[in-house]
There are 2 protein chains.
Amino acid sequence: MQMIKAKEQRLEQLPIFWMEQIVRRYRQVATQALGAEEAGLSVDQWVVLKQVGENNGCSQVEIGNSTVKDAPTTTRIIDQLVNKNLISKQLDPEDRRRYMVFLTEKGQRLIDRLLPVVQEYRQIPLQGFSETEQKQLLENLKRMLHNLA
Amino acid sequence: MQMIKAKEQRLEQLPIFWMEQIVRRYRQVATQALGAEEAGLSVDQWVVLKQVGENNGCSQVEIGNSTVKDAPTTTRIIDQLVNKNLISKQLDPEDRRRYMVFLTEKGQRLIDRLLPVVQEYRQIPLQGFSETEQKQLLENLKRMLHNLA
DNA sequence: TTTAATCATTTGCATTTACAACTATTTTAA
DNA sequence: TTAAAATAGTTGTAAATGCAAATGATTAAA
């Protein structure tokens with residue numbers, strides 16, 4: 001059995017290497033687009049805000065799960081949004097460990113205003129990708145994450 | 001011309017959403033694998049160390065370019081590696097703004113020791129991907145980054 | 001040649017992040 | 001019913017990151 005020396009991998013051949021750049025650059029684009037709206041909202045704050053809007057009254061754990069952020073991060077982002085009066089928290093009378101999180105009217109108005117902006121920058125990275133290519137890409141990414149789990 | 005309401009995008013339909021998780025999870029796997037070697041080396045430190053090894057005597061700017069890290073980050077990682085005696089810096093007599101960066105013997109030995117470990121965890125995310133799929137994935141990622149540039 | 005512009009590197013700072021530890025509450029099970 | 005385990009959320013901290021600005025050196029231009 002012959003030993004074959006493993007091919008030296010250059011960084012540019014590693015998907016992760018590119019993904020890191022894409023994620024970083026995308027964040028810059030998103031941050032800039034949100035910043036231009038003078039809403040004082042970070043990308044993460046937007047994601048959580050939107051998620052609260054779609055799951056009004058849910059717990060922080062649920063928000064953390066759906067946005068894939070850990071508990072401390074979720075707590076802090078939610079507090080930031082509460083301080084901006086975009087959402088509110090209220091102790092769950094059924095389970096006094098939990099807080100139920102609600103969108104405020106101000107929060108709803110902000111979502112309505114920012115949604116078009118977000119939808120615009122979200123399509124930037126996939127410009128020129130066919131539906132098929134997008135689906136395929138998503139599948140590949142899910143496979144990669146599954147491999148790492 | 002009829003207005004079509006943009007499809008509400010869920011997070012799970014965004015490639016970036018998955019990429020963030022993949023990158024984070026991959027870092028955990030890599031950090032753990034390196035940690036198990038008791039080398040006291042972070043993932044970023046490894047990448048820079050390896051890059052210095054492949055470009056012995058080059059400047060910090062060049063290291064930063066090849067690893068896609070900004071100047072302050074590059075400076076700090078290089079200093080960490082210098083403190084561990086894995087690399088050394090030396091003023092370039094031709095251009096006294098630049099430092100030339102060299103691998104030490106200790107650095108070379110560490111690379112030799114860690115390389116198999118790194119090659120092992122690097123292939124984890126792509127398990128089950130054919131050559132063709134890997135090439136295609138890389139192409140797609142490059143396209144995405146290009147769209148964002 | 002002197003000034004201005006550019007370049008390589010460093011420093012400082014504000015923000016983010018991951019991780020561990022802690023409190024309070026509820027659930028489980030002995 | 002009471003002790004142990006699990007759950008929801010919070011706090012603290014060390015490290016990483018991104019950005020802006022500063023320093024020292026070189027190059028380009030007036």
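Below, read A as the first sequence line, B as the second, and so on, with proteins coming before strands; counting in each chain starts at 1. Note that these values count all heavy atoms, side chains included, but never hydrogens, waters or copies made by symmetry.
- Following rounding to the nearest Å, B:Gln28 (CD) and D:dA15 (C1') show an atom-to-atom distance of 15 Å.
- Remark: A:Arg96 is not in phosphate contact with C:dA24, judged by side-chain N or O atoms under 4.0 Å from OP1 or OP2.
- For B:Asp92 and D:dG24, the CG to C1' distance is 15 Å, given to the nearest whole Å.
- With rounding to whole Å, A:Arg27 atom CZ is found 14 Å from D:dA16 atom C1'.
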Between protein and nucleotides 4-14 of chain D, map the contacts as a letter string: B base, S sugar-phosphate only, - none, heavy atoms under 4.0 Å, written 5' to 3'. ---BSSBBBB-

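- Considering only heavy atoms from C-beta on, A:Lys89 comes within 4.5 Å of A:Asp79 through its side chain.
- Summarising the geometry, the separation between NZ on B:Lys69 and C1' on D:dT17 is reported as 10 Å, rounded to the nearest angstrom.
- Through direct or indirect side-chain contacts shorter than 4.5 Å among Ile, Leu, Val, Met, Phe, Trp and Tyr, B:Met100 is connected to B:Phe102.
- When each of A:Gln45 and A:Pro93 is assigned the nucleotide of DNA chain C bearing its nearest heavy atom, the one mapping closer to the 5' terminus is A:Gln45.
- One interatomic measurement links the two molecules: CD of B:Gln32 to C1' of C:dA18, which rounds to 14 Å at whole-angstrom precision.
- Defined by atom type and a distance below 3.5 Å, a donor-acceptor pair is present between the side-chain atoms of A:Asp112 and A:Gln108.
- At D:dT17, none of the side-chain N or O atoms of A:Arg24 fall inside 4.0 Å of OP1 or OP2 (strictly under the cut-off).
- Contact record, A:Cys58 with A:Ile63: SG-CD1, 3.4 Å, taken as the closest heavy-atom pair.
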Quick one: do A:Val61 and A:Arg98 satisfy side chain to side chain contact (heavy atoms under 4.5 Å, CB included)? Show the steps, please. CA-CA 9 Å; A:Val61 169; A:Arg98 312 169 81 239; over 6 Å; no

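- In this entry the distance linking CG of B:Asp70 with C1' of C:dA8 reads 13 Å, nearest Å.
- None of B:Leu34, B:Val118, B:Val29 except one satisfies the side-chain contact (heavy atoms from CB on, under 4.5 Å) rule with B:Val43; the exception is B:Leu34.
- Looking at B:Leu115 and B:Trp46, their side chains come closer than 4.5 Å, going by heavy atoms from C-beta outward.
- One atom, CZ of A:Arg25, and another, P of D:dG18, lie 12 Å apart when rounded to the nearest Å.
- Per the geometry, CG belonging to B:Asn83 stands 14 Å off P belonging to D:dA15, to the nearest Å.
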